[in-house]
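Reviewing the structure listed below.
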Amino acid sequence: RVQKIAVVRDGTETGLTLSDNYVKGLRAANLNVIATEQISPGSPDVSAQVSRIREAQPDVVLVGGSSVPDLANYVKAHKAAGLQMPMIGSYLFTVPAFLDLTKDASDGLVYTDSVDPARSEVKAIEDKLAMKLGDKARNAPFVIHAYEFCRLIGDAIKRAGSDDRETIRNAMEQTRDFAVAMGPPTLKLSYSPEKH
């Protein structure tokens, strides 16, 4: 059983939002977050963060954010330092650029995902995209995410009846219960002027 968790995040707005929610959720589940390390965008050296993770001795390191180069630097430094605790991340670990940057350092990474490849909707999207992209469209969560986000924005553009930015934004803010092939089968996205 995991007793101690460390969180490594990038300093992007997305990285901070995701990791803050991770920490909040972990603590709500009575899990012990013993360290939170942040990587400044574009930082070439993450040895200080790796050293503090080593000192904290977590059972697992949760890596979260959106900056592929920054999180790839951490993963490489973690492995180079010989740290044995597993790293868990998001679908970002499957993005080709991340794998190109980390090479062998990404061996053994565990990633959780918001795409269930067994869902019929996911299979249908993969089949459709495979006609254009070939096997790159299969077992690639980021492809499903991109497809669904394009579908969501396309729906707002159709409802807006215009290519005007503000009109599209207003249509997006009227989106209610938009079913997507991500997350649990019951997931539906809704927006408002206060919640994007």
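Reckoned from all heavy atoms, side chains included, excluding hydrogens, waters and symmetry mates. Here, residue 1 is the first one in the sequence, and each next residue gets the next number.
Using a 4.5 Å cut-off on side-chain heavy atoms (C-beta onward), Ile39 and Val8 make contact. You'll find the side chain of Ile5 stays beyond 4.5 Å of the side chain of Pro58, heavy atoms only. Between Gln49 and Val46 the shortest side-chain heavy-atom distance falls below 4.5 Å. Using a 4.5 Å heavy-atom threshold, the side chains of Val143 and Glu126 count as separate. Side-chain contact between Tyr74 and Ile53 is present, with at least one heavy-atom pair separated by less than 4.5 Å. The side-chain heavy atoms of Glu37 and Val7, taken from C-beta on, include no pair separated by under 4.5 Å. Annotation: side chain of Arg151 is in contact with side chain of Phe178 (closest heavy-atom distance under 4.5 Å). Here the side chains of Ile157 and Asp163 are not in contact, with every heavy-atom distance at 4.5 Å or above.
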- Task: Apply the test side chain to side chain contact (heavy atoms under 4.5 Å, CB included) to residues Thr102 and Lys79: give CA-CA distance (whole Å), side-chain angles for both, the deciding distance (0.1 Å), then the verdict.
- Result: CA-CA 10 Å; Thr102 58; Lys79 291 287 181 113; over 6 Å; no
- Query: Please walk me through it: do Leu71 and Arg9 pass side chain to side chain contact (heavy atoms under 4.5 Å, CB included)?
  - Reply: CA-CA 7 Å; Leu71 297 179; Arg9 64 189 185 179; 5.9 Å; no
- Message: side chain to side chain contact (heavy atoms under 4.5 Å, CB included), that's the test. Do Asp155 and Arg159 meet it? Break it down for me.
- Response: CA-CA 6 Å; Asp155 176 72; Arg159 286 185 288 112; 2.9 Å; yes
- Please lay out, stage by stage, how Lys76 and Asn73 fare under the test side chain to side chain contact (heavy atoms under 4.5 Å, CB included). CA-CA 5 Å; Lys76 290 188 295 187; Asn73 279 346; 3.8 Å; yes
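When every heavy atom of Ala156 is checked against every heavy atom of Ala171, the shortest pair comes out as O-CB, 3.4 Å. Considering all non-hydrogen atoms of both residues, Ala81 and Val50 come closest at CB-CG1, 3.6 Å. Pairing each heavy atom of Arg119 with each of Val180, the nearest pair is NH2-O, 3.3 Å.
Side chain of Asp70 to backbone of Asp10: no donor-acceptor contact under 3.5 angstrom is found. Looking at Arg138, its side chain never comes within 3.5 Å of a backbone N or O of Lys123 through a donor-acceptor pair. With Asp177 contributing its side chain and Lys188 its backbone, the two residues share no donor-acceptor pair below 3.5 Å. With Arg176 contributing its side chain and Leu189 its backbone, the two residues share no donor-acceptor pair below 3.5 Å. Of the possible donor and acceptor atoms, one in the side chain of Thr175 sits under 3.5 Å from a partner among the backbone N and O of Met172. Under a 3.5 Å cut-off, the side chain of Ser192 and the backbone N or O of Lys195 do form a donor-acceptor pair. In this structure, Arg54 contributes its side chain and Leu83 its backbone to no donor-acceptor pair below 3.5 Å. Put simply, the side chain of Gln84 gets close to the backbone of Gly82: a donor and an acceptor are under 3.5 Å apart. Between the side chain of Glu148 and the backbone N or O of Ala181 there is at least one donor-acceptor pair closer than 3.5 Å. The main-chain N or O of Ser43 is never found under 3.5 Å from a side-chain atom of Ser40 such that the two would form a donor-acceptor pair.
Glu13 CD to Leu18 CG: the interatomic distance, rounded to the nearest 0.5 Å, is 10.5 Å. The CD atom of Glu166 lies 10.0 Å from the CD atom of Glu173; values are rounded to the nearest 0.5 Å. Separating the CG atom in Asp104 from the CG atom in Leu99 is a distance of 11.0 Å, to the nearest 0.5 Å. Between Arg165 atom CZ and Thr167 atom OG1 the span is 12.0 Å, to the nearest 0.5 Å. Within the model, atoms CD of Gln3 and CG of Asn32 stand 8.0 Å from one another, a figure rounded to the nearest 0.5 Å. Gln57 contributes atom CD, which lies 7.0 Å from atom CE of Met85 (distance to the nearest 0.5 angstrom).
Residue Val115 is not grouped with residue Val110 when hydrophobic side chains (ILVMFWY) are merged at heavy-atom distances under 4.5 angstrom, including chains of intermediate members. Cluster annotation: Ile34 and Val60 are assigned to distinct hydrophobic clusters (Ile/Leu/Val/Met/Phe/Trp/Tyr, side-chain heavy-atom contacts under 4.5 Å, transitive). Linking ILVMFWY residues whenever their side-chain heavy atoms come closer than 4.5 Å, directly or via other members, leaves Phe93 and Tyr22 in distinct clusters. Linking ILVMFWY side-chain heavy atoms closer than 4.5 Å, directly or via other members, places Ile144 and Val68 in a single hydrophobic cluster. Note on Val2 and Leu109: separate hydrophobic clusters, where clusters join Ile, Leu, Val, Met, Phe, Trp and Tyr whose side-chain heavy atoms are under 4.5 Å apart, directly or indirectly.
With hydrogens and angles left out, the side-chain atoms of Ser66 and Thr12 include a donor and acceptor closer than 3.5 Å.
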